[in-house]
Student: 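Can you keep this structure in mind? I'll have questions shortly.
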Amino acid sequence: MRCDDVRELLSGYIDGTLDLDERSWVEEHLRRCHECASEVAALRTTLALVQQLDEVEPPPDFRAKLRRRILAEQRRERRGFFARFGRALVTYRGAVAVAATLALAVGVGTAIQSPAALAWLGLSKPTTVAVGQNSDMNQPTAPGLADPKGKLPDGEKGLLSGTSGGNAQGVTDQGAGGGQTKDGITVADKAGNGERQMGLTGVTPNAGSGGTATTGGTGNQDGGQVVATDVSRGTGTGIKAAAPTSGGTTGTGNEGAGSGPETGGFGGTGLGGSLGGPAIDQDIMAVLPQKVGKRASLQVEVRNVDEAVAKVSQLAERDNGQGAGYVESSNTYTDQTGLKHGTLTIKVPAETLLDVLAQVEKLGTLKAKSINGRDIVPDYTDAEARLKVLKQQESRYLEIVAKTKGVDEIIRLENELAAVRAKIELLQGRINAIKETAAYSAIAIDLIQAPVTTGAAPATNSSAGLSAGKEAGQAFMLTSRGLGVLAVRTARSLGGAAPVLIILAILWVAYVIYTRMRPARVRGRV
Amino acid sequence: MDESELIHRCQRGDVDAFDNLVRLFEKKVYNLAYRMSGNHEDASDLSQEAFLRVFQSLKDFRGQSSFSTWLYRVVSNVCLDELRQRGRRPTVSLDEPVAGDKGEVMQRQVPDPAPPPDELAERTEIREVVQAGIEQLTEEYRMVIVLRDLQGLSYQEIAEALDCSLGTVKSRLNRARFALKEKLSALELFSPNVVYTGGRSVAKGGHGGAL
């Protein structure tokens, strides 16, 4: 027994890992027990033999081989990830299908209503946002939101200073009426020539889809400053909102509910359903600064296009005390559906613009209307200032010439004087042209032949305001129309997603049928 | 670049860094695998497999122990697993009587898989004989002998590498050495001039020294 206990410790004894007590106990035993002592000797010999074994060298290509295997392993792991992902998709295919369907439906429903998508589908024009930087004007910079609470005069100030550079800010405002109205609100400076536009655009007569991005189009084309006002007839009235953001003006289309824009300098409030036409025009005209080249466009549905064209020409050339206008261009054509069109551009004295517009509107049913104001004030002031400098220069030269005696000197001065006068004439011509622009307003008129079947009565609008009783009725109509619009929109967004949903549903049903038809054991095994 | 930086880069999947790390440890690992398997072919396979496992599980190494200890742990696990798998021969019961051709009942005759003693004795090189003796030990015994007497690990390091207690290492090493002594003394290899004096650093030819 004792020997067995000792032998338990012999390995430790040889390695010298025993504590003192154990070691002296083992040593004492080994002195008396020859068998155990010879065991120790044998163990020592064994270890000596083991330690004679030499180290071996790994094969020379060991690391290269290992490297190849590791790289292969990394590739496999990457594939493995996708394989596992794929298996997970299969395992949770139900949930995946539901999630994908919902995501797709929502995505399509949303995308279908974005301005870009609508434009692509040819449903409406997208609004351009022009951003420019103006550096060659030396007027002070009007940065950003200079006067958020600015009223009209401030807005005009903004117009003046806004041209002179800084960063123009594009503001795209979305109307409050259920998020549908995506009227472009553009505030922008055009670099270089300081040309700007102030546009008042858009009459969208269709209640349901009114105000959908049809406004702002023309006004924005030149990248100028644009005021866009969307007037949705019959459902509500949007009114301009002047935002002094670098002199710009924001417009917001309103529909139905008639709430005003949040971001405008002064916001429009829905004026009520049938209010429109001249009353609004007057508002718009009030917003526009004096020296503004106005440009209007109308789309009117008429019974007889040829007659209407003739009447428009008469209107243009009629002189009722403020001077006559003229027809700039006129042409008629028949479209694919067999409807006749007449397009005219007429120029009328600026003062008579509203009158002429009203007359043209009476020719039939107004389909669309916009008024743009191209602000020529900066151009004008710039030209005037330069003219002033040049005239001073001219009089200085004249003074000098009067005092000069030498012929050579006089000739030289006369040459200089001639150059200055040439510049003065150029500028004067330009100023006259600018005045002319302001003096005459252009009206682009699109006359469309009314479909024979149409039962739509021309919109009869009263600019004289509404009686209390009518107001109540209007309010009722407004609300119901607002709900109608909401319903239409909902239907449209669902409608957009419907084809996708239908296709997915068919695929899903086919898949379910397919899996059901497979032997039950296959299904049961999973 | 020091070891920890190298390890850090390896953990981010840097194959070049791992190549350098392998350069530092390949000899140790290969020798361990060679002594465990007894031939170069298996040693190569085993150490390749071990390093592959090291690379894959390196992200789990958090520096709780020294890297070499952790490395030994991974490598010894791979070796033991692989060898056990390869060593799994068809098992037959030695005690169960079998029926002979003529229906008589007899005891099963089972060939001993180990080389017969006389064959071992014919090997001229003592080293080959010692290696053969080591190979006849069980994997566990072989492992402690290799780690302690060839690779020179301390008891503590062995305990960590094999994930067992210090007491287990002591007793297992003791039994392993006795077992090997039995194998070798049977071959009458012992001569008076080969004497082990004890301690890691004394014997010549050992691969001792801490990593």
Side-chain angles (χ1 to χ4, degrees), chain A residues 3-19 22-23 26-27 29-30 35-81, chain B residues 13 15-16 18-19 22-23 26-27 29-31 34-35 40 43-44 47-49 51-52 55-56 126-127 129-131 133-134 145-146 148-150 154-155 170-171 173-178 180-185 189-192 194-200 202-208:
Chain A
C3 286
D4 284 348
D5 291 340
V6 169
R7 282 175 198 188
E8 285 286 305
L9 296 172
L10 288 185
S11 192
Y13 172 73
I14 292 168
D15 283 341
T17 59
L18 300 181
D19 57 42
E22 288 174 324
R23 197 174 135 192
V26 169
E27 278 173 348
H29 177 81
L30 289 179
E35 274 183 46
C36 283
S38 63
E39 283 292 297
V40 170
L43 279 175
R44 287 188 198 275
T45 308
T46 303
L47 295 188
L49 285 170
V50 168
Q51 292 186 341
Q52 275 188 336
L53 295 173
D54 292 323
E55 272 194 313
V56 291
E57 290 295 327
D61 66 338
F62 183 79
R63 270 182 292 125
K65 207 171 146 190
L66 180 63
R67 193 191 179 91
R68 281 196 299 275
R69 285 188 67 181
I70 285 172
L71 289 172
E73 191 64 29
Q74 282 183 333
R75 280 194 297 274
R76 192 156 50 235
E77 266 173 34
R78 252 169 259 146
R79 278 200 302 273
F81 170 77
Chain B
V15 178
D16 291 329
F18 190 67
D19 200 54
V22 171
R23 195 199 302 272
E26 62 178 339
K27 204 164 180 181
V29 172
Y30 187 80
N31 272 280
Y34 178 73
R35 293 304 167 195
H40 283 285
S44 192
S47 41
Q48 289 270 333
E49 198 62 40
F51 273 121
L52 203 61
F55 185 75
Q56 287 163 344
I126 293 177
R127 290 187 183 92
V129 178
V130 174
Q131 173 68 33
I134 291 174
I145 296 260
V146 172
R148 171 68 198 171
D149 298 322
L150 281 169
S154 71
Y155 284 24
K170 281 179 187 169
S171 62
L173 184 64
N174 197 52
R175 277 181 273 124
R177 281 173 174 172
F178 270 100
L180 186 59
K181 183 212 72 178
E182 293 303 319
K183 302 270 180 203
L184 297 186
S185 58
L189 271 172
F190 292 176
S191 61
V194 184
V195 173
Y196 181 77
T197 50
R200 276 154 63 169
V202 177
K204 98 180 214 307
H207 315 150

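Proteins get letters first, then strands, A, B, ... in listed order; numbering begins at 1 in each. The model shown is predicted, which means the values in this text are computed figures rather than measured ones.
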Student: Does CZ in A/Arg23 sit with more than 12 non-hydrogen atoms of other residues, nucleotides or ligands closer than 6.0 Å?
Tutor: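 Atom CZ in A/Arg23 is not crowded, with 12 or fewer foreign heavy atoms closer than 6.0 Å.
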
Student: Of all the heavy-atom pairs spanning B/Arg127 and A/Leu53, show the shortest one and how long it is.
Tutor: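 Reported closest heavy-atom pair: O-CD2, 3.4 Å.
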
Student: Measuring from atom CD of A/Glu73 to atom CD of B/Gln56, what distance do you get when rounded to the nearest 0.5 angstrom?
Tutor: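 One gets 4.5 Å once the value is rounded to the nearest 0.5 Å.
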
Student: Assess the residue pair A/Glu55 and B/Leu150 against the criterion (side-chain contact (heavy atoms from CB on, under 4.5 Å)); give the C-alpha distance rounded to whole Å, side-chain angles, the decisive distance to 0.1 Å, and a yes or no.
Tutor: CA-CA 9 Å; A/Glu55 272 194 313; B/Leu150 281 169; over 6 Å; no

Student: What's the separation between atom CD1 in B/Ile134 and atom CG in A/Leu49, rounded to the nearest 0.5 Å?
Tutor: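 B/Ile134 atom CD1 to A/Leu49 atom CG measures 9.5 Å (nearest 0.5 Å).
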
Student: Any non-hydrogen side-chain atom of B/Tyr34 less than 4.5 Å from a side-chain atom of A/Pro58?
Tutor: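 In short, these two side chains do not touch, never coming nearer than 4.5 Å.
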
Student: Could you tell me whether a side-chain N or O of B/Asn174 sits under 3.5 Å from a main-chain N or O of A/Gly12, the two making a donor and an acceptor?
Tutor: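 Absent.
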
Student: Starting at CZ of B/Arg175, measure out to CD of A/Glu8 and round the result to the nearest 0.5 Å.
Tutor: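 Result: 7.0 Å between the selected atoms.
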
Student: Just give me the residue among B/Ala43, B/Ser47, B/Ala176, B/Ser171 that pairs up with chain A most often, heavy atom to heavy atom, under 4.5 Å.
Tutor: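 Greatest number of close heavy-atom pairs with chain A: B/Ser47.
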
Student: Looking only at heavy atoms, which two atoms of B/Asn31 and A/Val56 are closest? And how far apart?
Tutor: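 Heavy-atom minimum between the residues: OD1-N, 2.7 Å.
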
Student: If you measure from CG on A/Leu47 to NZ on B/Lys181, what distance do you get to the nearest 0.5 Å?
Tutor: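 It comes to 11.5 Å.
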
Student: Kindly compute the distance separating CD (B/Glu26) from CD (A/Glu57), expressed to the nearest 0.5 Å.
Tutor: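 It is 8.5 Å, given to the nearest 0.5 Å.
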
Student: Are A/Leu66 and B/Phe55 close enough that some pair of their side-chain heavy atoms sits under 4.5 Å apart?
Tutor: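 A side-chain contact under 4.5 Å is absent here.
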
Student: Verify salt bridge (charged side-chain N to carboxylate O under 4.0 Å, His left out) between A/Glu39 and B/Arg177, making sure each step is shown before the conclusion.
Tutor: CA-CA 11 Å; A/Glu39 283 292 297; B/Arg177 281 173 174 172; over 6 Å; no

Student: How about A/Ile70 and B/Phe51: do any of their side-chain heavy atoms sit closer than 4.5 Å?
Tutor: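 A side-chain contact under 4.5 Å is absent here.
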
Student: Between A/Ser11 and B/Tyr155, which heavy-atom pair has the shortest distance, and what is it?
Tutor: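 Answer, listing the atom of A/Ser11 first, then B/Tyr155: O-OH, 4.1 Å.
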
Student: Which atom names give the shortest non-hydrogen contact between A/Gln74 and B/Gly13, and what distance separates them?
Tutor: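 Closest heavy-atom pair between A/Gln74 and B/Gly13: NE2-O, 3.4 Å.
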
Student: Quick one: what part of B/Phe18 sits under 4.5 Å from any heavy atom of chain A, side chain, backbone, both or neither?
Tutor: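 Just its side chain gets close to chain A.
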
